[in-house]
Amino acid sequence: MGTQRVNWHEYFMNIADQVATRSTCDRKHVGAVIVRDKTILSTGYNGSIRGGVHCDDAGHDMDHDHCVRTVHAEANAVAQAAKNGVRIDMSEIYVTASPCLTCFKLLANSGVRVIHYKEFYRDERINTYAQEAGIKLVYMGI
């Protein structure tokens, strides 16, 4: 018999893991995949602004325990969709670490309705904001 196929959620999270390998900030490698109707709309990883110097090459620009040289994976996925004219309203995102509050708000206002994440990262406030906004947070922990 052949090998068992992974379910769609594992499939998209596996792709997010692969996207994270492109990260250019060695403090944390994060990947994001935006999906609607089992179709990938956009991807993003944490890294410097387009054309900018990477943390891995120049070091970190730290502010309140965060490297501000990087753009977060979720924000890069939203920016890539916008740059390419891809509508992400009513979509889902698979991200290797839960979004920070700023990225959560960006996703919410972009129309993302479900956030699947593998690792919880820092900010418990996203739980309250998600409940208020009717956005589903799904811990995958795989």
Side-chain angles (χ1 to χ4, degrees), residues 3-142:
T3 60
Q4 174 118 8
R5 292 172 62 182
V6 298
N7 67 43
W8 284 106
H9 299 298
E10 291 170 339
Y11 172 73
F12 291 124
M13 189 59 79
N14 287 344
I15 293 171
D17 278 329
Q18 191 62 41
V19 170
T21 67
R22 293 284 306 152
S23 295
T24 61
C25 183
D26 61 8
R27 293 189 76 236
K28 187 148 194 74
H29 290 203
V30 179
V33 178
I34 300 175
V35 175
R36 187 177 51 246
D37 298 326
K38 298 179 184 168
T39 300
I40 296 172
L41 304 175
S42 183
T43 66
Y45 54 86
N46 59 319
S48 64
I49 61 171
R50 191 176 299 273
V53 179
H54 301 300
C55 297
D56 290 352
D57 298 328
H60 303 287
D61 184 2
M62 300 300 291
D63 184 17
H64 295 84
D65 199 32
H66 286 286
C67 180
V68 296
R69 184 182 303 280
T70 62
V71 178
H72 290 185
E74 307 92 324
N76 271 327
V78 170
Q80 181 187 56
K83 183 175 186 254
N84 293 309
V86 176
R87 183 179 66 86
I88 61 172
D89 189 39
M90 302 305 292
S91 65
E92 303 181 36
I93 190 169
Y94 292 81
V95 62
T96 57
S98 62
C100 70
L101 187 57
T102 299
C103 285
F104 173 83
K105 293 185 289 185
L106 176 66
L107 294 171
N109 281 359
S110 297
V112 173
R113 304 311 308 155
V114 181
I115 300 170
H116 303 268
Y117 64 93
K118 193 163 76 169
E119 170 195 347
F120 189 81
Y121 182 68
R122 293 190 185 210
D123 203 328
E124 295 281 345
R125 293 176 294 178
I126 67 169
N127 294 310
T128 302
Y129 280 78
Q131 188 172 18
E132 290 173 358
I135 294 171
K136 187 175 180 181
L137 296 175
V138 180
Y139 171 67
M140 290 184 59
I142 54 175

Nearest atoms (heavy-atom pairs only) where A77 meets S42: O-OG, 2.6 Å
D37 CG: over 12 foreign heavy atoms closer than 6.0 Å: no
Within 6.0 angstrom of F120 CZ, more than 12 heavy atoms from elsewhere: yes
Non-hydrogen atoms of G134 and R113 that approach each other most closely: O-NH2, 3.2 Å
Side-chain donor/acceptor of Q80 to backbone N/O of T43, under 3.5 Å: yes
Taking every non-hydrogen atom, the tightest pair across K83 and R50: CD-NH2, 4.0 Å
H9 to E92 - nearest heavy-atom pair and separation: CE1-OE1, 4.5 Å
H60 and D26: CA distance, side-chain angles, deciding distance, side chain to side chain contact (heavy atoms under 4.5 Å, CB included) verdict: CA-CA 9 Å; H60 303 287; D26 61 8; 2.8 Å; yes
Separation between NZ of K118 and OH of Y94, rounded to the nearest 0.5 Å: 13.5 Å
R22 side chain vs G44 backbone, donor-acceptor pair below 3.5 Å: no
Minimum heavy-atom distance between L41 and V35, given as atom pair plus value: CD1-C, 4.2 Å
Full working for side chain to side chain contact (heavy atoms under 4.5 Å, CB included) between I135 and V112: CA-CA 8 Å; I135 294 171; V112 173; 5.7 Å; no
Pairwise side-chain contact, C55 with T70, heavy-atom cut-off 4.5 Å (strictly under): yes
Atom pair CD1/CD of I126 and Q131 - distance to nearest 0.5 Å: 12.5 Å
Heavy atoms of other groups near E119 CD, more than 12 under 6.0 Å: yes
Point-to-point distance, once rounded to the nearest 0.5 Å, from CD1 of I34 to CD1 of I93: 4.5 Å
Partner residues of D123 under the salt bridge (charged side-chain N to carboxylate O under 4.0 Å, His left out) criterion, sequence neighbours left out: R125
Distance (rounded to the nearest 0.5 Å) between Y139 OH and H116 NE2: 14.5 Å
Under 3.5 Å, sequence neighbours excluded: what are the donor-acceptor pairs made by side chains of residues 96-110?
from, atom 1, to, atom 2, distance (Å)
T96, OG1, G31, N, 3.1
S98, OG, Y121, N, 2.7
S110, OG, L106, O, 2.8

Interatomic spacing from NE2 in H29 to OG1 in T24 - rounded to 0.5 Å: 8.0 Å
Neighbour count above 12 (heavy atom, 6.0 Å) for I40 CD1: yes
S91 (side chain) donor-acceptor with R36 (main chain) under 3.5 angstrom: no
Donor-acceptor contact present, side-chain N46 to main-chain S23, <3.5 Å: no
